[in-house]
Enquirer: 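Pasting a structure here, questions to come.
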Amino acid sequence: MSEKRIWLSSPTMHGEEQLFINEAFDTNWIAPLGKNVTEFENEMAAYVGCKSAAAVTAGTHALHMAVKLAGVGKGDIVLCSDLTFSATVNPVSYEGGVQVFIDSERDTWNMDPEILESAFKKYGSKVKAVIAANLYGTPAKLDEIADICSRYNAVFIEDAAESLSAKYKGRQTGTFGRYNAISFNGNKIITTSGGGMFLSDDEDAVAKVRFYSTQSRDPAPWYQHSEIGYNYRMSNIVAGIGRGQLIHIDEHKNLKTKIYNRYKKAFADLPVEMNPYTSDCEPNFWLSCFTVNRDWAERVTPEKIRLALESENIESRPIWKPMHMQPVFAGRDFVTNGDSVGEDIFARGLCLPSDIKMTEEEQQRVIDIIKGLF
Ligand SMILES: *Cc1c(COP(=O)(O)O)cnc(C)c1O
């Protein structure tokens, strides 16, 4: 294995990140806050087109703040995407809420609005909030979901951790929920090494997130607290990396799009299907994925493909295992409309190398290895 590893999705730095960090060093604004944090928030809010943003230590923490602000408490029901990363739904448990998982639709792999509506009919006013993720950078039917939430008086939380820069009907994701979360984890489309942001048009909500994430200090000369606080605020160094990355986000998106389209073209004759999206949206193609067609899926399993790639020092990854199949959520309700779509995608799907530093030659190697298995 002499050739260098091809990654699923690894950080890509450009140089400006270092300049913003240097500036923080030169002014000794290392922590806690400082100019980079404020500017990163302003630049991100302007980029996605929402009024305000609060930078925090993780996308998970942004989601936790969203769940808390939605007023989720002990026993409250939160309707959640089923086919997603566990970080989408864990914050519900932090606040004592109960997840009910909503199956995916075929055409985006995201929360099915019709099934969401039937879950509202089942649970009625017990539902406090809805958390929908845009899987692998493909927007869910965000306006339909937002509309259902407002009809049933539930708070819509959009988990745009994977979809920053993707658009739905011309509008950036991360703006459709009352509260929205994005992530700058190491493998996301842009990264700060680790971090996240809470986005909202509700400036009071954003101010509240800043308050909670800095230990809920009352405005008093001494340390006085009337509410439980959290240590969730992003540091000025980390925000400097983010400012440098944000300059390059559309470039990252273009490269990801090219990777997806090359796979799509190369696999046109194979019994596989790329992760689908609807014509009214513009995914960021964070991860290119495919499912093996049913008549082949027993012979060429995703795991067989993954191991063949791994033996050539190439990283790929199974599709997220649906939340209703997770041991930790045993006993939670799962609402579906027949056979589980998420379970089927999990059984037949694989996330392909989508690293923007992967050359066309390297991607061709990936393609050739996969073609050789059919
Ligand atoms: C990465 C991710 C998160 C969590 O973000 P972190 O910054 O890693 O805490 C949440 N939801 C989804 C769908 C993600 O992919």
Side-chain angles (χ1 to χ4, degrees), residues 7-11 40-41 44 53-68 78-94 99 101-102 104 108-111 129-140 142 145 156-166 168 173-174 176-177 179-199 209 213 230-235 238-239 241-242 245-246 252 256 275 283-289 317-323 326 328-329 342 345-346 349 351 354:
W7 298 97
L8 187 78
S9 182
S10 72
F40 189 32
E41 289 173 346
M44 188 58 78
V56 292
T57 34
T60 309
H61 297 157
L63 285 161
H64 181 193
M65 293 292 93
V67 168
K68 191 172 166 71
V78 179
L79 307 176
C80 301
S81 291
D82 177 56
L83 186 62
T84 185
F85 181 41
S86 63
T88 304
V89 310
N90 280 337
V92 174
S93 297
Y94 304 167
Q99 299 86 346
F101 301 117
I102 308 297
S104 291
T108 71
W109 293 8
N110 290 306
M111 179 184 277
V130 169
I131 311 178
N134 302 308
L135 202 70
Y136 302 125
T138 299
L142 294 166
I145 294 171
F156 178 29
I157 299 169
E158 188 192 345
D159 178 358
E162 300 178 359
S163 67
L164 181 61
S165 80
Y168 180 71
T173 63
F176 288 84
Y179 309 132
N180 310 276
I182 53 179
S183 165
F184 312 115
N185 187 29
N187 65 11
K188 297 285 155 65
I189 192 153
I190 61 169
T191 182
T192 60
S193 73
M197 215 176 266
F198 174 95
L199 305 168
V209 168
S213 353
Y230 302 84
N231 187 4
Y232 277 178
R233 201 75 163 108
M234 181 180 278
S235 91
V238 165
I241 305 176
Q245 286 271 286
L246 185 53
H252 286 200
K256 294 271 191 192
N275 48 331
N284 69 2
F285 299 104
W286 172 54
L287 293 186
S288 289
C289 311
R317 186 160 77 186
I319 299 293
W320 300 126
K321 183 173 181 172
M323 291 301 112
Q326 299 288 351
V328 70
F329 296 122
I345 294 168
F346 171 62
C351 303
S354 307

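Values reported hereafter were calculated over all heavy atoms of this structure, with side chains retained and with hydrogens, waters and symmetry mates removed. Both ligands and their constituent atoms are indexed starting at 1 by order of listing.
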Enquirer: Return the residue, atom name and 0.1 Å-rounded distance of the protein heavy atom closest to atom 9 (O) of ligand 1.
Expert: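 Looking only at protein heavy atoms, the one closest to atom 9 (O) of ligand 1 is Thr60 OG1, 2.5 Å.
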Enquirer: List the steps and the verdict of ring-ring contact (aromatic ring centres under 6.0 Å, His included) for Phe156 and Phe176.
Expert: CA-CA 8 Å; Phe156 178 29; Phe176 288 84; 8.0 Å; no
Enquirer: Ala181 near ligand 1, heavy-atom distance under 4.0 Å?
Expert: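 Judged by the 4.0 Å heavy-atom criterion, Ala181 does not count as contacting ligand 1.
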Enquirer: In terms of the angle between their ring planes, are Tyr230 and His64 parallel, tilted or perpendicular, with boundaries placed at 30° and 60°?
Expert: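 It falls in the perpendicular class, over 60°.
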Enquirer: Identify, for atom 15 (O) of ligand 1, the protein heavy atom at the shortest distance, and state residue, atom and that distance.
Expert: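 Minimum-distance protein heavy atom for atom 15 (O) of ligand 1 reads Glu162 OE2, 2.6 Å.
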Enquirer: State, with a plain yes or no, whether a side-chain heavy atom of Met323 is found less than 4.5 Å away from one of Ser86.
Expert: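 Yes; the side chains approach each other to less than 4.5 Å.
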Enquirer: Can you name the atoms of ligand 1, numbered from 1 with element, that are less than 4.0 Å from a heavy atom of Ala161?
Expert: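 Answer for ligand 1: 2 (C), 3 (C), 10 (C), 11 (N), 12 (C), 14 (C).
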Enquirer: With side chain to side chain contact (heavy atoms under 4.5 Å, CB included) as the criterion, how do Cys351 and Ile319 come out once you've worked through the C-alpha distance, each side chain's angles and the decisive distance to 0.1 Å?
Expert: CA-CA 6 Å; Cys351 303; Ile319 299 293; 4.0 Å; yes
Enquirer: When you compare ligand 1 with Leu63, is there at least one nitrogen or oxygen pair between them that comes in under 3.5 angstrom?
Expert: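 Not met; the criterion fails.
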Enquirer: Could you find the nearest protein heavy atom to atom 5 (O) of ligand 1 and give me its residue, atom name and distance?
Expert: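 The protein heavy atom lying closest is Ser183 OG, 3.2 Å.
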Enquirer: With heavy atoms only and a cut-off of under 4.0 Å, state how Ala58 meets ligand 1: side chain, backbone, both or neither.
Expert: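 The answer is both, backbone and side chain.
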Enquirer: Is it true that a side-chain atom of Asn134 and a backbone atom of Ala140 form a donor plus acceptor pair closer than 3.5 Å?
Expert: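 Yes; judged by distance alone, with no hydrogens or angles, the pair exists.
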Enquirer: What is the distance from atom NZ of Lys321 to atom CG of Asp82, rounded to the nearest 0.5 Å?
Expert: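 If we round to the nearest 0.5 Å, Lys321:NZ and Asp82:CG are 11.5 Å apart.
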Enquirer: Tell me whether Lys188 reaches ligand 1 (any heavy atom closer than 4.0 angstrom to a ligand atom).
Expert: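 Contact present.
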Enquirer: Closest non-hydrogen protein atom to atom 11 (N) of ligand 1, residue and atom name please, with distance?
Expert: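 The closest heavy atom on the protein side is Asp159 OD2, 2.7 Å.
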Enquirer: Short list, please: which atoms of ligand 1 are under 4.0 Å from a heavy atom of Asn185?
Expert: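 Close to Asn185: 7 (O), 8 (O).
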Enquirer: Does Thr84 approach ligand 1 within less than 4.0 angstrom via side chain, backbone, both or neither, non-hydrogen atoms only?
Expert: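 Only the side chain of Thr84 comes within reach of ligand 1.
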Enquirer: Any heavy-atom pair between the side chains of Phe85 and Asp159 that's under 4.5 Å?
Expert: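 When only atoms from C-beta onward are counted, Phe85 and Asp159 do not touch, as no gap falls below 4.5 Å.
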Enquirer: List the steps, then state whether side-chain hydrogen bond (donor to acceptor under 3.5 Å, both in side chains) holds for Lys256 with Ser165.
Expert: CA-CA 11 Å; Lys256 294 271 191 192; Ser165 80; over 6 Å; no
Enquirer: Using a 4.0 Å cutoff against the non-hydrogen atoms of Ala87, which atoms of ligand 1 qualify?
Expert: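 Close to Ala87: 3 (C), 4 (C), 10 (C).
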Enquirer: Near Gly195, which atoms of ligand 1 are under 4.0 Å from a heavy atom of that residue?
Expert: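 Counting from 1, the qualifying ligand atoms are 7 (O).
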Enquirer: Would you call Tyr179 and Val67 a side-chain contact if the rule is heavy atoms closer than 4.5 Å?
Expert: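 The answer is no; the side chains never approach within 4.5 Å.
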